[in-house]
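One structure is given here, and the rest of the page talks about it.
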Amino acid sequence: MAETRILVVDDEKEIADLIEIYLVSDGYKVLKANNAEEGLAILEKEEVHLVLLDIMMPGMNGLEMCKKIRETNNIPIIMLSAKSTDLDKILGLGTGADDYVTKPFNPLELTARVKSQLRRYTQLNPNSSVHEAGKNEITIKGLTINKDNHKVTVDNEEIKLTPIEFDILYLLASNPGRVFSTDEIFENVWNEKVYEANNTVMVHIRRLRGKMKEDTRQSKIITTVWGVGYKIEK
């Protein structure tokens with residue numbers, strides 16, 4: 001099974017260590033560097049699938065390192081910064097970063113962003129060796145999802161899903177028990193920020209439930225948590 005490797009480049013050791021704890025608990029292999037030069041040296045020697053990159057570092061800063069990586073590599077890059085203005089985010093994303101997280105951050109939100117970017121990367125690079133969180137198949141409550149071939153079965157009957165429907169279902173199933181709001185689902189699956197309320201996610205959930213014949217099952221696969229969002233229990 002392929003090992004997913006994430007490079008954390010941050011001169012604040014405490015932050016790098018905290019990130020490592022959460023990523024390792026999710027099954028990732030973590031490589032750490034405390035400056036850009038050391039990070040670039042690791043990238044030359046090791047296979048890395050995603051970079052978490054602090055902007056403010058002594059010597060070469062994160063923006064410069066991001067530009068350097070983009071000269072030869074299309075792996076996902078998530079910027080970390082204490083600056084939170086729109087201009088700072090635009091600068092970070094403008095250098096080639098895929099996402100931007102403001103310090104201090106919720107570690108669970110950061111790991112969700114990591115999963116989202118790895119998913120996007122594997123979809124755009126089908127020959128990549130990485131599989132999200134080291135898993136390629138999930139079985140839960142009569143539902144089986146295979147990440148490699150996008151095959152889904154419910155009670156041993158195969159159902160056909162669109163890529164968006166598949167990603168929503170996989171997001172919920174790979175985080176059993178966690179409640180996702182519609183905004184969180186949208187941001188994880190579409191890789192876009194929600195700027196105004198819309199019914200997009202609810203429409204896809206409704207279609208998913210129809211295809212899985214939820215109305216005839218005694219034990220529902222997708223549970224609605226009223227006023228909060230959706231989840232799949234173990």
| message | For residues Val30 and Tyr22: do they belong to one hydrophobic cluster (side chain heavy atoms under 4.5 Å, members Ile, Leu, Val, Met, Phe, Trp, Tyr)? | response | no
| Taking side chain as C-beta onward, heavy atoms only, is Arg209 less than 4.5 Å from Asp215? | no
| query | Hey, does the Lys NZ or Arg CZ of Lys231 hover above the aromatic six-ring of Phe180, less than 6.0 Å from the centre and inside 45° of the axis? | reply | no
| message | Using 0.5 Å steps for rounding, measure from the CD1 atom of Ile168 to the CD1 atom of Ile205. | response | 5.5 Å
| query | Is there a side-chain contact between Leu110 and Ile19 (heavy atoms, below 4.5 Å)? | reply | yes
| Is it true that a side-chain atom of Ser116 and a backbone atom of Ala112 form a donor plus acceptor pair closer than 3.5 Å? | no
| Co-membership, hydrophobic cluster, residues Ile185 and Val179, 4.5 Å side-chain | no
| said: Closer than 4.0 angstrom, basic N to acidic O: yes or no for Arg5 and Glu47? | reply: no
| query | Of Ile138, Ile145, Leu208, Thr144, which meets side-chain contact (heavy atoms from CB on, under 4.5 Å) against Val152? | reply | Ile145
| field | Pairwise side-chain contact, Phe166 with Lys160, heavy-atom cut-off 4.5 Å (strictly under) | value | no
| query | Would you say Glu64's side chain and Asn61's backbone share a donor-acceptor pair under 3.5 angstrom? | reply | yes
| task | Check the pair Thr153, Asn146 against side chain to side chain contact (heavy atoms under 4.5 Å, CB included), reporting the backbone distance first and the verdict last. | result | CA-CA 9 Å; Thr153 61; Asn146 189 295; over 6 Å; no
| task | Identify whether the distance between the nearest side-chain nitrogen and carboxylate oxygen of Glu184 and Arg178 falls below 4.0 Å. | result | yes
| Close side-chain approach of Leu40 to Met65, heavy-atom, < 4.5 Å | yes
| Going by an N to O cut-off under 4.0 Å, is there a salt bridge joining Lys147 and Glu137? | no
| Any link between Tyr28 and Phe105 through a network of hydrophobic side chains (Ile, Leu, Val, Met, Phe, Trp, Tyr) touching at under 4.5 Å? | yes
| message | In the structure I gave you, are the side-chain heavy atoms of Lys211 and Leu161 within less than 4.5 Å of one another anywhere? | response | yes
| field | Under 3.5 Å: donor-acceptor pair, side chain of Arg217, backbone of Met212 | value | no
| Is atom CE of Met60 surrounded by more than 12 heavy atoms (other residues, nucleotides or ligands) closer than 6.0 Å? | yes
| Asn73 side chain to Ile75 main-chain N or O, any donor-acceptor pair under 3.5 Å? | yes
| note | Taken to the nearest 0.5 Å, the spacing of Asn34 CG from Met57 CE works out to 9.0 Å
| task | Might you work through the side chain to side chain contact (heavy atoms under 4.5 Å, CB included) test for Val201 and Val203, ending with a clear yes or no? | result | CA-CA 5 Å; Val201 171; Val203 170; over 6 Å; no
| Under-4.0 Å salt bridge between Lys213 and Asp155 | no
| Minimum side-chain heavy-atom gap Ser81-Thr102 below 4.5 Å | no
| field | Val8 vs Val51 side-chain heavy atoms within contact, under 4.5 Å | value | no
| note | Rounded to the nearest 0.5 angstrom, the CD-CD1 distance for Gln117 and Ile77 is 10.5 Å
| query | Are the side chains of Leu80 and Tyr100 in touch, meaning some heavy atoms are under 4.5 Å apart? | reply | no
| Shortest non-hydrogen separation from Leu53 to Gly62 and the atoms involved | CD2-O, 3.2 Å
| query | Does a donor on one side chain and an acceptor on the other come within less than 3.5 Å for Asn175 and Lys115? | reply | yes
| said: Between Lys141 and Lys220 (side chain of the first, backbone of the second, donor and acceptor by atom type, cut-off under 3.5 Å), is there such a pair? | reply: yes
| task | Working to the nearest 0.5 Å, report the span between CD of Glu12 and CG of Asp17. | result | 11.5 Å
| query | CG of Asn106: more than 12 outside heavy atoms within 6.0 angstrom? | reply | yes
| query | What distance separates Asp167 CG from His204 NE2, expressed to the nearest 0.5 Å? | reply | 10.5 Å
| message | Quick check on Lys103: does its NZ atom have over 12 non-hydrogen neighbours (other residues, nucleotides or ligands) under 6.0 Å away? | response | yes
| Where do Ile222 and Glu214 land on the side chain to side chain contact (heavy atoms under 4.5 Å, CB included) test, with the steps shown first? | CA-CA 8 Å; Ile222 299 177; Glu214 288 273 74; 3.9 Å; yes
| Exercise: identify the closest heavy-atom pair between Pro176 and Ala173 | CD-O, 3.4 Å
| Between atom CG of Asp99 and atom CD of Glu187, what is the distance when rounded to the nearest 0.5 Å? | 9.0 Å
| request: Answer yes when Arg113 and Glu109 have at least one side-chain N-carboxylate O distance shorter than 4.0 Å, and no when they do not. | output: yes
| query | Any sub-3.5 Å donor-acceptor pair from Glu158's side-chain atoms to Lys151's backbone N or O? | reply | no
| field | Shared hydrophobic cluster for Leu18 and Leu23 (ILVMFWY, side-chain gaps under 4.5 Å) | value | no
| query | Donor-acceptor pair, Arg207 side chain versus Gly210 backbone, under 3.5 Å? | reply | no
| Under a single-linkage definition using a 4.5 Å side-chain heavy-atom cutoff for Ile, Leu, Val, Met, Phe, Trp and Tyr, are Leu52 and Ile15 assigned to the same hydrophobic cluster? | yes
| task | Report the C-alpha distance between Glu38 and Asn35 in whole Å, list the side-chain angles of each, state the deciding distance to 0.1 Å, and finish with yes or no for side chain to side chain contact (heavy atoms under 4.5 Å, CB included). | result | CA-CA 6 Å; Glu38 184 181 340; Asn35 59 63; 3.3 Å; yes
